[in-house]
Amino acid sequence: MPELPEVETTLRGIEPHIKGHQIKDVVIRNKSLRWPIPASLKKNLSGQMLNEIKRRGKYLLFSTANGTTILHLGMSGSLRIVESGTPAEKHDHVDIVFENNKTLRFRDPRRFGCVLWTAKPVEKHKLISVMGPEPLSDGFTAEYLYQKSRSRKCTVKSYIMDSKTVTGVGNIYASEALFSAGIMPTRQAGRVSKKRYQLLVQSIQQVLKLAIEQGGTTLKDFTREDGQPGYFKQSLKVYDRAGQDCIECGNTIKQKTLNQRSTYYCSHCQQ
DNA sequence: ATGCGGACCTGTTAGC
DNA sequence: TGCTAACAGGTCCGCA
């Protein structure tokens, strides 16, 4: 479900309700996520002040004085703010209860998400330390993308979806950015020119920023923390549009599976 | 080091 | 209408 814009939308939605507030309790109804939720989470968080929430790629990092809670929404996860005491529904696996009568509630039907704990500096954590630059940061440049790709034989789509290359570019926005940049998704990463990587960097940043402004993409069931859908779907130019006309040239949008993921493109506009 | 396929799950939809 | 198969926005891990 969530890509970077959806995670960012979630962060902005929940932060005002819980940042700077004290955690009263943690309720774990089902610890079987991608990795087991550590039993120590309740003990570690109870009584702590939530100092800050940050996003790194698609991970949300909740910092308290004694460590960091690392949370990923996986494919189907969502976070909502509810009034404490609101009955939990199916797939509501974790509650973080605050003293201000607000509860941060984690729902995840497929349970591909995770909730982890680290007492070390979070950037040392093995999931975080290997990540590439943020796509909206200064470290994400055409020069970087180009140099790093020179010996790579994988497709350019696979390359930009690799979190070690750049974090947070998921399946929707990879297709969208490659269309915007006029690059065929199947092209070898090592065979893309610096000039075209320049276009790609701009396209990735543009599409992510626009999606964040519009509150993320709601395809099926993504809702923001307040239950409202995101509005980026109406801006999608190729994703989920197989068989329809390309909005640039009128040719038919094609779909093919690449690295086990659905990929959408226009064979006229993209080379 | 890189690339690939499998793994983890449930819910929804397409097709017969 | 009902059953079954395919597919879904992620990404880590192990193996070649």
Side-chain angles (χ1 to χ4, degrees), chain A residues 1-10 29-37 55-60 70-79 89-94 106-116 125-132 135 147-178 186-191 204 207-208 211-212 214-224 229-243 255-264:
Chain A
M1 175 212 294
E3 292 204 29
L4 185 149
E6 289 73 39
V7 177
E8 182 67 27
T9 298
T10 296
R29 296 185 194 81
N30 185 350
K31 64 176 166 58
S32 306
L33 301 181
R34 176 163 194 174
W35 296 284
I37 300 175
R55 180 187 59 72
R56 180 75 174 96
K58 297 176 195 165
Y59 286 93
L60 286 173
I70 301 170
L71 187 150
H72 197 290
L73 296 172
M75 204 80 136
S76 60
S78 61
L79 285 171
E89 295 176 32
K90 197 176 181 184
H91 307 306
D92 287 342
H93 306 311
V94 184
F106 178 66
R107 174 181 300 183
D108 186 7
R110 291 178 74 178
R111 290 189 275 123
F112 287 176
C114 67
V115 181
L116 298 172
H125 191 277
K126 76 167 187 179
L127 292 174
I128 306 297
S129 64
V130 296
M131 293 170 64
Q147 291 303 339
K148 193 178 172 66
S149 69
R150 284 311 83 187
S151 59
R152 299 294 297 273
K153 298 223 169 83
C154 63
T155 64
V156 62
K157 180 177 183 243
S158 173
Y159 177 59
I160 60 169
M161 287 183 68
D162 183 344
S163 65
K164 293 198 278 300
T165 307
V166 56
T167 68
V169 179
N171 202 36
I172 297 179
Y173 301 110
S175 277
E176 291 298 312
L178 286 164
T186 49
R187 180 173 284 272
Q188 272 188 31
R191 300 250 174 107
I204 288 171
V207 77
L208 290 177
I212 290 169
Q214 300 190 6
T217 301
T218 296
L219 280 185
K220 292 196 170 68
D221 55 359
F222 173 75
T223 52
R224 308 186 312 178
Y231 291 102
F232 191 70
K233 181 173 167 41
Q234 61 205 21
S235 303
L236 296 176
K237 294 177 177 170
V238 288
Y239 188 86
D240 210 21
R241 293 194 65 244
Q255 172 181 14
K256 80 159 57 171
T257 301
L258 219 53
N259 305 99
Q260 306 159 346
R261 309 302 297 277
S262 277
T263 305
Y264 301 85

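Chain letters run A, B, ... following the sequence lines, proteins first, then strands; residues in each count from 1.
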For this session: Could you tell me which non-hydrogen atom of A/Ser175 sits nearest to which non-hydrogen atom of A/Val238, and how far apart they are?
Result: O-CG2, 3.6 Å

For this session: Heavy atoms only: give me the nearest A/Leu73-A/Phe106 pair and the separation to one decimal.
Result: CD2-CE1, 3.7 Å

Determine the Euclidean distance between corresponding [atom1] atoms of [M] and [N]; express it in Å to zero decimal places.
N	M	atom1	value
B/dC9	C/dC3	P	26 Å
B/dC8	C/dT4	P	22 Å
B/dG6	C/dA6	P	14 Å
B/dA14	C/dG9	P	15 Å

Short side-chain N/O contact from [X] to OP1 or OP2 of [N], under 4.0 Å:
X	N	result
A/Tyr264	C/dG9	no
A/Lys58	C/dC12	no
A/His72	C/dT11	yes
A/Tyr173	C/dG9	no
A/Asn259	B/dG5	no

Looking at [options], which one has an atom nearest to any side-chain atom of [X]?
X	options	result
A/Leu127	B/dG11, C/dG9, C/dC12	C/dC12
A/His91	B/dT10, B/dC8, C/dA8	B/dT10
A/Trp35	C/dT11, B/dG3, C/dC12	C/dC12
A/Arg110	B/dC9, C/dC13, C/dG10	B/dC9

Problem set entry | pair A/Leu127-A/Leu116: side-chain heavy atoms closer than 4.5 Å | yes

Which part of the nucleic acid, if any, lies within contact of [X], taking any heavy atom under 4.0 Å across all strands shown: a base, the sugar-phosphate backbone alone, or nothing?
X	answer
A/Asp108	nothing
A/Tyr159	nothing
A/Ser262	sugar-phosphate
A/Leu33	nothing
A/Lys164	nothing
A/Ser163	sugar-phosphate

Atom [atom1] of [X] to atom [atom2] of [N]: distance rounded to whole Å?
X	N	atom1	atom2	answer
A/Glu3	C/dG10	CD	C1'	9 Å
A/Arg150	B/dA1	CZ	C1'	17 Å
A/Phe112	C/dC7	CZ	P	15 Å
A/Arg261	C/dG9	CZ	C1'	7 Å
A/His125	C/dC12	NE2	C1'	12 Å
A/Leu116	C/dG10	CG	P	19 Å
A/Asp92	B/dG11	CG	C1'	15 Å
A/Ile70	C/dT11	CD1	P	14 Å

Side chain of [X], base of [N]: donor and acceptor closer than 3.5 Å?
X	N	answer
A/Arg152	B/dT2	no
A/Arg34	B/dC9	no
A/Arg111	B/dC9	no

For this session: Starting from the C-alpha separation in whole Å, work towards a yes-or-no answer on side chain to side chain contact (heavy atoms under 4.5 Å, CB included) for A/Lys256 and A/Thr186.
Result: CA-CA 10 Å; A/Lys256 80 159 57 171; A/Thr186 49; 4.2 Å; yes

For this session: Give the C-alpha distance, both sets of side-chain angles, the deciding distance and a yes or no for side chain to side chain contact (heavy atoms under 4.5 Å, CB included) between A/Leu60 and A/Leu79.
Result: CA-CA 11 Å; A/Leu60 286 173; A/Leu79 285 171; 3.7 Å; yes

Problem set entry | A/Arg191, CZ atom: more than 12 neighbouring heavy atoms under 6.0 Å | no

For this session: Report the distance from atom OG1 of A/Thr10 to atom CZ of A/Arg55, rounding to the nearest 0.5 Å.
Result: 11.0 Å

Exercise. Which residue, A/Gln260 or A/Lys148, contacts DNA chain B at a nucleotide closer to its 5' end, judged by nearest heavy atom?
Worked result: A/Lys148

For this session: For A/Ser32 and for A/Thr155, find the nucleotide of DNA chain B with the closest heavy atom, then tell me which residue's nucleotide is more 5'.
Result: A/Thr155

Problem set entry | C/dG9 pairs with, by Watson-Crick or G-U criteria that keep both distances under 3.5 Å | none

